[in-house]
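Just below is one structure, and these are the notes that go with it.
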Amino acid sequence: MDTAISVRLDLPRAPRATSIPEVRADSRTDAELIGLVADGDHRAFEELHRRYARPVLGIALRRIGDRGRAEDATQDTFASLWRSAGRFDPTRGKATSWLFTVARNAIIDGLRRRPEATVESPPDLAEPGPGPDDAAESEWVAWRVHRALETLPDDERTLVELAYWSGLSQSEIADRLDLPLGTVKTRTRSALSRLADELGDELR
Amino acid sequence: MTDLRDLVGDVDPEELERLQRVHTLLEQAGPPPSLSADMARPPARSAEVIRFPRRYRPFAAVAAVAAAAVLFAVGYVVGNNGPGAEFTVAMSGAGGASGTLEVYEMDGAGNWPMQLRVAGLADGRYALWLTRNGRLAEPCGTFAVVSGVTRVPLNAPYKLRAFDGWVVVPSGSRQPVLTT
């Protein structure tokens, strides 16, 4: 979570009030950013990286297991995105689906190129976990949810991550963040509501 | 499993139903991985991925190990702490499995008390290991998982700076199911 905050700090600074307002990269849709990347726009590429680095790494870890190789695969994915952005056709599907495919293909290609494991062998994905269909579904859900988390304001994302994956109770979170318990609940509710809006397709 | 009402307080039934679906998806998805310092920036944008020629790979491996040790040390110093913990380590694995290792203050004898929480692992017995150079180096204890989630105290009586990560492996196996 600390790292995620530092990623936010890499964003372009907001224009000063006296300057001419500019369109920030993070106000654009994923599809618009991919189009800009196809034209060689580095800031759009950095914004896509901010939005998708954790979802891509998440898929890579699920498929590979080993952290080092998963990080290599994630970097491969963004290198592939830079090269192939011009092939994205927004009339043929959603940007997040296209990015998911780019990530999955880059990870599989990386596994073929670098079959050796750095920590013994990678875990067997087939057993005792879910079958291929379930695994693919689970991968897609994680991709969408992790991408949606990146749309939250920092304070709400931190709350969601603490609430769901730290093992802390709401009271412990309130103590840790030095917030009233009611504020923690209100912000958590707000965060879940934003996620519901963002994940509309997944909720139907 | 976290209870949604505990998280959000009182909301009307229609909104609660909407949030419940998100709640379920969050639990299905598991935690997103944290990004290392190297991963916080995109790769060189127009460059192809550079690969070390084979004759340089030993040097690259040494550099990678050194970088991992530094990251591990940085995590040790500035990690995202739970209450009372010196630092916290996030772990993840295939199929959405995840773990959180809270490491508490070292005692006078050199023990690092820890609490490991895992989720999404198949029922069975597992072992937590410290790793060095991509290999299992020292054990930190075994534990059992029943019904997917376990929270268990463990101990690492070692100088942690000498290692570069943790893994969880099934007992008797060397195949990691959770890695840092």
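Throughout, protein chains are lettered first and strands after them, A, B, ... in sequence-line order, and every chain is numbered starting at 1.
Chain B forms more heavy-atom pairs under 4.5 Å with one residue of Ser193(A), Ala142(A), Ala163(A), Ser80(A) than with any other, namely Ser193(A). For the set Arg187(A), Glu139(A), His146(A), the count of heavy-atom pairs under 4.5 angstrom toward chain B peaks at His146(A). Between chain A and the residues Gly9(B), Ala29(B), Pro31(B), the largest count of heavy-atom pairs under 4.5 Å involves Pro31(B). Heavy-atom pairs under 4.5 Å with chain B peak, among Gly182(A), Ala53(A), Ser190(A), Gly167(A), at Gly167(A).
Contact of Leu4(B) with chain A is made through the side chain alone, with heavy-atom distances under 4.5 Å. If you measure heavy-atom distances from Val160(A) to chain B, the contacts under 4.5 Å come from the side chain alone. Residue contact with chain A, scored on non-hydrogen atoms closer than 4.5 Å, is absent for Val169(B). If you measure heavy-atom distances from Thr100(B) to chain A, the contacts under 4.5 Å come from the side chain alone. With a threshold of 4.5 angstrom between heavy atoms, Glu15(B) approaches chain A through side-chain atoms but not through N, CA, C or O.
The CD atom of Glu137(A) lies 7.5 Å from the CD atom of Gln28(B); values are rounded to the nearest 0.5 Å. Arg189(A) contributes atom CZ, which lies 10.5 Å from atom CG of Leu16(B) (distance to the nearest 0.5 angstrom). Of the inter-residue distances, the one linking Asp3(B) atom CG with Gln170(A) atom CD reads 10.5 Å to the nearest 0.5 angstrom. Summarising the geometry, atom CZ belonging to Arg18(B) is positioned 9.5 Å from atom CG belonging to Leu192(A); distances are rounded to the nearest 0.5 Å. For the atom pair CG (Leu19(B)) and CG (Leu195(A)), the distance works out to 9.5 Å, reported to the nearest 0.5 Å. Atoms CZ and OG, on Arg54(A) and Ser34(B) in that order, are 8.0 Å from each other to the nearest 0.5 Å.
Closest heavy-atom contact between Gly58(A) and Pro33(B): N-CG, 3.5 Å. In plain terms, the two heavy atoms of Pro32(B) and Trp165(A) that are nearest each other are CD-CZ3, 3.5 Å.
Checked by atom type and distance alone, the side chain of Arg67(A) never pairs as donor or acceptor with a backbone atom of Met91(B) at under 3.5 Å.
Salt bridge status for Lys185(A) with Asp10(B): absent, with no side-chain N to carboxylate O gap under 4.0 Å.
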